[in-house]
Amino acid sequence: VSQSRYPTSTELPFDPTLAFTPLLQTAMASMMTGGEQFTPFTRVSNIEPTRDVCAMISLTGPISVMLLFVFDHKLAWHFMQHEIDGLGIDESEDVMEAVLGEMANVVGGNATAALAVTDKEIHLSLPLIMRAVKLRPGIAEVVIKRSSMTSPVGVFDFYCIPPGYRDWE
């Protein structure tokens, strides 16, 4: 029986600062009234500190990456309030989660176009909403990159996590 070998993921196949910072700046522009900026992406060993509300969406295809949007509850609520202002929609936790899911969809959808390098499609998953997430990769070879934005209302972290593979023996 032959043994399959899978490559070990040691780096993202693109620069997340170039790929995602403009998309994040646009998505969060209405919230960044004090000139807040996202930090450059840096490598981290896990997803911390634990925040209150998370939205996750994955891109798969020639480029595969999981995007994780991690908010303090106060900032997520403020973002929801701003997004539904004037629409006649009542504020609620469900509406907040829908707004965060839509933001993940918008950033993820725009990322599929920004990352298109061939005629092969990049597929977008449905967004998932989670509460109080803390993740550690099961294998050391996974590269997690984080960018953060701090506003007077709270902290927003954005993570890029590529698929990681081990050698199967």
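Numbers here are sequence positions counted from 1. Bear in mind that the values here come from a model prediction, so they are computed numbers and not experimental data.
Residues Cys54 and Val70 share a closest heavy-atom pair of SG-CG1, 3.8 Å. Closest heavy-atom contact between Pro62 and Ile122: CD-CG1, 4.0 Å. Minimum interatomic distance between Pro127 and Ala104 (heavy atoms only, all atoms of both residues): CB-CB, 4.2 Å.
The distance from atom NZ of Lys74 to atom CG of Asp52, rounded to the nearest 0.5 Å, is 12.0 Å. Between Thr42 atom OG1 and Arg146 atom CZ the span is 5.5 Å, to the nearest 0.5 Å.
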Are Leu75 and Ser151 close enough, and set up right, to give a side chain to side chain contact (heavy atoms under 4.5 Å, CB included), and what steps lead you there? CA-CA 8 Å; Leu75 182 61; Ser151 80; 3.6 Å; yes
Checking Phe38 against Gln25 for the side chain to side chain contact (heavy atoms under 4.5 Å, CB included) test, could you report, in this order, the C-alpha distance in whole Å, the side-chain angles of both residues, the deciding distance, and whether it holds? CA-CA 8 Å; Phe38 283 90; Gln25 294 289 131; 2.9 Å; yes
CA sep, side-chain torsions, deciding dist, call: His73, Arg131, side chain to side chain contact (heavy atoms under 4.5 Å, CB included): CA-CA 9 Å; His73 186 273; Arg131 297 297 184 121; 3.9 Å; yes
Under the criterion side chain to side chain contact (heavy atoms under 4.5 Å, CB included), I'd like the reasoning laid out for Asp85 against His82: C-alpha separation, chi angles, the key distance, then a yes or no. CA-CA 5 Å; Asp85 185 41; His82 185 272; 5.8 Å; no
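Note: the hydrophobic cluster containing Val95 also contains Met103 (ILVMFWY, side chain heavy atoms under 4.5 Å, direct or indirect links). Criterion: ILVMFWY side-chain heavy atoms under 4.5 Å apart, direct or through other members. Under it, Leu100 and Val106 are not part of a common hydrophobic cluster.
The side-chain contact (heavy atoms from CB on, under 4.5 Å) test with Leu67 singles out one residue from Leu23, Ile57, Leu124, Ile161, and that residue is Ile57.
Heavy-atom contacts from other residues, nucleotides or ligands closer than 6.0 Å to CD1 of Ile89 number more than 12.
With sequence neighbours left out, Glu91 forms a side-chain contact (heavy atoms from CB on, under 4.5 Å) with Trp77, Met80, Gln81, Ile84.
Phe79 and Phe156 have their aromatic ring centers separated by at least 6.0 angstrom. Ring-centre distance between Phe20 and Phe158: below the 6.0 Å cut-off.
Asp72 contributes a side-chain N or O that, together with a main-chain N or O of Val155, makes up a donor-acceptor pair within less than 3.5 Å. A side-chain donor-acceptor contact under 3.5 Å links Ser125 to the backbone of Ser58.
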